[in-house]
Number of protein chains: 4
Amino acid sequence: LPPKDCFVAEAQITVRYAETDAMGIVHHMQYVVYFEVGRTEYSHQRGKPYSEFEETGRYLTVTEISVQYRQPARYDQHLRILTWIESLKSRGLTFAYEIRDVETDQLIANGWTKHICVDHDGKVIRIPEEWRAWAN
Amino acid sequence: LPPKDCFVAEAQITVRYAETDAMGIVHHMQYVVYFEVGRTEYSHQRGKPYSEFEETGRYLTVTEISVQYRQPARYDQHLRILTWIESLKSRGLTFAYEIRDVETDQLIANGWTKHICVDHDGKVIRIPEEWRAWAN
Amino acid sequence: LPPKDCFVAEAQITVRYAETDAMGIVHHMQYVVYFEVGRTEYSHQRGKPYSEFEETGRYLTVTEISVQYRQPARYDQHLRILTWIESLKSRGLTFAYEIRDVETDQLIANGWTKHICVDHDGKVIRIPEEWRAWAN
Amino acid sequence: LPPKDCFVAEAQITVRYAETDAMGIVHHMQYVVYFEVGRTEYSHQRGKPYSEFEETGRYLTVTEISVQYRQPARYDQHLRILTWIESLKSRGLTFAYEIRDVETDQLIANGWTKHICVDHDGKVIRIPEEWRAWAN
């Protein structure tokens, strides 16, 4: 569960048929994409779309991910993605996630992703001050 | 443009980062998935979710697709998918689609998909009467 | 079938689990990716990798695709992708494809993709002479 | 690095254009698919294709994944995927992976995936004895 005092963004998605696999459930790689959808929504709700961040020539590149699978999800299932910032440093940050069924609130998957800030040449740089407000 | 007198379903999606490619735009295969999202929405708006259709042991398998690309789309762009039934026969049907930018209404891509109705063993069967109402 | 007198490149792939869907077969969007794998192989076999083409600041962007689905393919199935150039003009070209089972030679899918040559700003340009040799 | 005394399977792949994203590099979700390609190859090299395992009505479902990203990979880059079993229990196992550039041997990504054995209804079961030979 996200800590009580931090900003949590909620995105909602409906499972696409293309996201299922021959087991009849959502393929496990798909949750990595759902986490990314959660980050995009987080950035919008904080008033700082990630697309604008990239336009400044900076990227939050992914250095590590961890996903725990709790329950399978299926085609057309309605899911919500909770996203928050778990920790923030000068050059990087960690997002955490929970994916839950909209109707039952059952936990489907959870995890985190670590990011560092790089410029267009891949050099590690500080996250600009105005973007660090994301995490307050 | 969809014909005046037919039911047109509208779905909306926001382009995911994972859907872009190294040209900086949405990868062309992705529109095949967007069309599928359009069909799911169509089935919901007609009160007959495709997931329930499959639960009856029938599938609308894809036999042919055609996509025309008009303008590139980019990460975080807001798109609407218009979906309608272009023709309906006893054992198959053709869906048509337009994908447009939500803000500017610019046409991004259009196309159609042909489907036949099969049972779990892949045998071609008639579309059940109660499902053909989809197309009226 | 490809015309007798034209260069045909063959690529081979093994279906990945992630490429299947809840029907237990390869998702239909995946063939668009297989076609692309065929184009990459074609460019290698002609001695002109597409990656080098992009390094010159040009792109063969996709303007239209058509896929016909003949037989389903399944996880771990071994497929070959035949790729050839169907027509070539000064500013664009059409690739054609057949996907067949390696063991039985059964036709799984076939289709074509149309491309135009654009520069980094999306402006339509002529395909440079040295790259047109692709099609002879 | 894989431990000295364990069986390590090697698969090779070439990065597809569809696997890249707007940063110009392989999208981070893709490594989850590459790991899966590694598992398929591992099962083949041990003489026990995973497709046959599923035909017995059993699945090795993924319960947890971890990926560490070391260097970006690009379109058309030739990669090798090293896969081995890190631990084996009666009802589950852990695969470990390294993805390296074929030419330079540079480490691109590494990680692990945890699996449990389930039947078609999702009930956790023992891995059958004849399949446990995978890990010796």
Side-chain angles (χ1 to χ4, degrees), chain C residues 9-22 24-62 65 67 73-79 81 83 95 102-103 113 115 120, chain D residues 9-22 24-62 65 67 72-79 81 83 95 103 113 115 120:
Chain C
E10 176 171 331
Q12 295 204 356
I13 57 120
T14 302
V15 172
R16 300 170 178 181
Y17 205 92
E19 295 168 356
T20 61
D21 67 18
I25 61 176
V26 171
H27 189 272
H28 61 285
M29 76 158 170
Q30 205 57 49
Y31 295 93
V32 179
V33 179
Y34 295 166
F35 287 176
E36 190 177 67
V37 170
R39 289 197 296 281
T40 291
E41 184 61 22
Y42 185 93
S43 72
H44 274 283
Q45 292 189 14
R46 297 312 292 261
K48 291 280 201 186
Y50 180 69
S51 53
E52 292 178 13
F53 187 74
E54 284 206 353
E55 281 163 17
T56 70
R58 298 173 181 91
Y59 303 84
L60 286 174
T61 195
V62 183
I65 64 168
V67 190
R74 288 170 201 284
Y75 166 60
D76 217 20
Q77 195 169 339
H78 201 185
L79 304 177
I81 308 161
T83 305
F95 281 101
V102 167
E103 268 181 63
T113 56
H115 305 258
H120 196 75
Chain D
E10 177 172 329
Q12 295 203 357
I13 57 118
T14 302
V15 172
R16 301 170 178 181
Y17 206 91
E19 294 167 358
T20 60
D21 67 19
I25 60 176
V26 171
H27 189 271
H28 61 285
M29 78 160 169
Q30 207 55 50
Y31 295 93
V32 179
V33 179
Y34 294 166
F35 287 176
E36 191 177 67
V37 170
R39 290 197 297 281
T40 291
E41 182 61 23
Y42 185 94
S43 73
H44 274 282
Q45 292 190 12
R46 298 312 292 263
K48 291 281 201 186
Y50 179 69
S51 54
E52 293 179 12
F53 186 74
E54 284 206 351
E55 281 162 17
T56 71
R58 297 174 183 91
Y59 302 85
L60 286 174
T61 195
V62 182
I65 63 166
V67 190
R74 288 170 200 281
Y75 166 59
D76 216 21
Q77 194 169 340
H78 200 187
L79 305 177
I81 307 162
T83 306
F95 281 100
E103 266 181 64
T113 57
H115 305 258
H120 197 76

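Values below: every heavy atom of this structure, side chains too, minus hydrogens, waters and symmetry copies. Every chain is numbered from 1, with letters handed out A, B, ... down the list of sequences.
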Should we say atom NE2 of D:H78 is surrounded by more than 12 heavy atoms from elsewhere, each under 6.0 Å from it?
-> yes
Distance (rounded to the nearest 0.5 Å) between C:R39 CZ and D:Y17 OH = 10.5 Å
Check whether any side-chain heavy atom of C:H44 lies under 4.5 Å from a side-chain heavy atom of D:D76, and answer yes or no.
-> yes
Applying a strict 4.5 Å limit to non-hydrogen atoms, the region of D:Q77 in contact with chain C is neither
Check ion pair C:E55-D:R74 (N to O, under 4.0 angstrom) = no
Tell me, for C:E52 versus chain D, whether the close heavy atoms (under 4.5 Å) come from the side chain, the backbone, both or neither.
-> neither
